[in-house]
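All remarks here apply to the structure that follows.
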Amino acid sequence: MHKLQLINVSKAFGSQTVLNDLSLEIFPDELFVILGGSGSGKTTLLLGVLGLQAFDSGRVLIDGIEVTYVSPGERNIGYVPQNYALFPNYTVFENIAFGLRLRKVSKHIVRTKVKQFIDDFGLQGIEYHFPFQLSGGQMQRVALARALIIEPSLLLLDEPVSALDIKTRQKIKAELKNLQKKLHITMVYITHDQQETLEMADRLGILNNGKIEQFGNPDEVFYKPKTLFVAQFLNTENILKGKIAHKFGNKVTIQINDIVLRTYTHLELSEGEPVIVCIRPGAIHLSTYHMPQGKNVFVGTIESIHPIGRDLEIRVLITPDEILKIRMSRIVAKELKLTHGMSVNLSIDEAFIHLIPAQ
Amino acid sequence: MNKFYRKTANRTFDGINYIFSFILIAFMFLIIGSLFFTTTPSAFFQQMSSRVVLVSIAVTFGSSFIASLLVFIFSVPTAYVLSRKTFWGKRALETVVVDLPLSFPPGVDGLILLLLLSRTGILGKLLDHFHIYIPYTFAAVVLAKLFVSIPFMISFVREAFDRVDKNIENVAYTLGASPFQVFYKLIFPLSIWGVLKGLVMALSKSLGEIGATLILAGGLTSATGTMSVLIYFATQKGEMDKAIALAIILEFLTFILLTVIKLFFKESTHRIHA
């Protein structure tokens, strides 16, 4: 039940600003994901929170108590780095016991507690193995046990599954989520993987150029990006340029070349103002049959069909220079006998058309 | 056709490697082995029983051990500072303590030390107040060996410290370790191979050192006559039996010493690096 607050933290290396007046609040018991690309400031933020590198300005608070100038050990934050960083010269048992021994806990308690963690994390039988004898999944569990045995205020995980194979990754992600709920621990999970973010996050923040561009739960951020960067970073498949044709209250009509779309928005937009239109492929309905005239219904021509995993991505030309991407299962596409150059009807649910002001 | 060319190219590459390795190994054996064939057992054992030779063995190994111990004591903290700390003038410090001494011929090292420690030198003047005079003493032998071998040790140890994953240290700090605990529980044990390599290099350099020792210590007294210096004087005087006997002993003892060190450390570090 611990809370982390960063207030106006900044960090620069020479003339390069890495963190720019960043503020962040992570609530007790939540799994907060910080999502950012390379060079976004993830590592600097992480080192600053851990106390391994000082911020140039700003404050760090844990449970409302300032820890800005407190040493890493006294901050009591559990840390699992990307490569787990197990101590190669210590056995699994000794790795897990490391933090307790530094705290001068009695030998008997260390033995009992470590044994308990070994059982809880399914590490029986390998407690006297060295790190080089472990699999990726086992290393991950040892790193987690080592971080959690000191009963940290919060647990910081840096790309914790990126070094694992897909199967183990799925398993470990589920284990992490269960662990977080079971232990009621505040977890900060740093990643560059949007899929992982959607699967893991209770709440997330998108880091860009040393600032959090957007906070929210996965659905909010994924379906309602606030900036063009967030939309692009989250691979919003359809990002179109349009302008406001009419606005009446929350209701707006958007013109994209010859296409007219109707939706509603809470943004303060005026008629004639350029706007970015984001549409997730799942919100577009494609049919080869005639659709009755209505809201957001129009005709397009199939430009190309690409396999994406188990599905197909159908690219439909809706104006001479605008393409809409639609996702469809291979079976449905086969039934509809979709081919290159074919004319199709499209309809878009107005609730899934999201607008971003064009800067 | 392509397959044939690839196979021929691979064989040619292997062949070239084998030929050059063979030439070098044969040459090394010839150099080392030739010593044993250029003397007789009776001449060898006669030299072995001479007091001068026995004292020179003691001076050589004694001074080399003391120099290596001092090298270890001074180079480990210096390498740690160079590896882990960021400060103004770090590059200059590296140049002064590692690059410059490495590039100096040992004779120049000896000359610098002599100028520094002679009664008119900066340090010599200071030491003179305490009635301490270093040149042409056993301490000068140790100092010459120390000065010649320390840059190698610093360079090896620094490289070994650099290779320790920074994340390992970071995790240890978050678990509550102090910088000293991180050093002796993690950085040093994980760098042991580099430290060992540096020590072996320092010891080898010390055992064979002649240029700096000759200039700073002279080598004319029993306290300063190292084996290398005696070999030099013996060859100058045409006492080839003595020179050969000393060379054989030096080679043999160095070989035994380095092998024992390597085996000992291999045994104690295989767990980490297996």
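Throughout, a chain's letter reflects where its sequence line sits, starting with A, and its residues are numbered from 1.
- For Lys185(B), the NZ atom counts as densely surrounded, since its 6.0 Å shell holds more than 12 non-hydrogen atoms of other residues, nucleotides or ligands.
- Taken from CD1 in Ile168(B) to CG in Leu86(A), the straight-line distance is 8.0 Å, to the nearest 0.5 Å.
- Once rounded to the nearest 0.5 Å, the distance linking CG of Asn167(B) with CG of Asn83(A) reads 4.5 Å.
- Side-chain contact between Leu52(A) and Glu169(B) is absent, with no heavy atoms from C-beta onward closer than 4.5 Å.
- A 6.0 Å sphere centred on CD1 of Ile122(B) holds no more than 12 heavy atoms belonging to other residues, nucleotides or ligands.
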For side chain to side chain contact (heavy atoms under 4.5 Å, CB included), just list the numbers for Arg75(A) and Thr174(B), CA-CA rounded to whole Å, side-chain angles, deciding distance to a tenth of an Å, and then say yes or no. CA-CA 8 Å; Arg75(A) 290 187 187 202; Thr174(B) 64; over 6 Å; no

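- To the nearest 0.5 Å, atoms CG (Leu186(B)) and CZ (Phe98(A)) are separated by 4.5 Å.
- Looking at Arg103(A), only its side chain comes within 4.5 Å of chain B, counting heavy atoms on both sides.
- Interface remark: Lys166(B) contributes no atoms to any contact with chain A (heavy atom separation under 4.5 Å).
- Looking only at distances, no side-chain donor or acceptor of Asn76(A) sits under 3.5 Å from a matching main-chain atom of Gly176(B).
- For the atom pair Asn170(B) CG and Leu46(A) CG, the distance stands at 8.5 Å (nearest 0.5 Å).
- Atom CZ of Phe87(B) is surrounded by more than 12 heavy atoms from other residues, nucleotides or ligands within 6.0 Å.
- Heavy-atom distances place the side chain of Leu47(A), and not its backbone, under 4.5 Å from chain B.
- Within a 6.0 Å radius of CD1 in Ile166(A), other residues, nucleotides and ligands contribute 12 heavy atoms or fewer.
- For the atom pair Leu190(B) CG and Tyr90(A) OH, the distance stands at 8.5 Å (nearest 0.5 Å).
- Other residues, nucleotides and ligands contribute at most 12 non-hydrogen atoms within 6.0 Å of the CZ atom of Phe74(B).
- For Phe13(A), the CZ atom counts as densely surrounded, since its 6.0 Å shell holds more than 12 non-hydrogen atoms of other residues, nucleotides or ligands.
- No more than 12 heavy-atom neighbours from other residues, nucleotides or ligands sit within 6.0 angstrom of NZ on Lys171(A).
- Pairs passing the ring pair (Phe, Tyr, Trp, His ring centres under 6.0 Å) check and including a residue from residues 141-160 of chain B, sequence neighbours excluded, do not occur.
- Heavy-atom contacts from other residues, nucleotides or ligands closer than 6.0 Å to CZ of Phe252(B) number 12 or fewer.
- Side-chain contact between Tyr173(B) and Leu50(A): absent, with no pair of heavy atoms (C-beta onward) separated by less than 4.5 Å.
- From Gln181(B), atom CD reaches atom CZ of Arg101(A) across 13.0 Å, with rounding to the nearest 0.5 Å.
- Looking at Leu102(A), only its side chain comes within 4.5 Å of chain B, counting heavy atoms on both sides.
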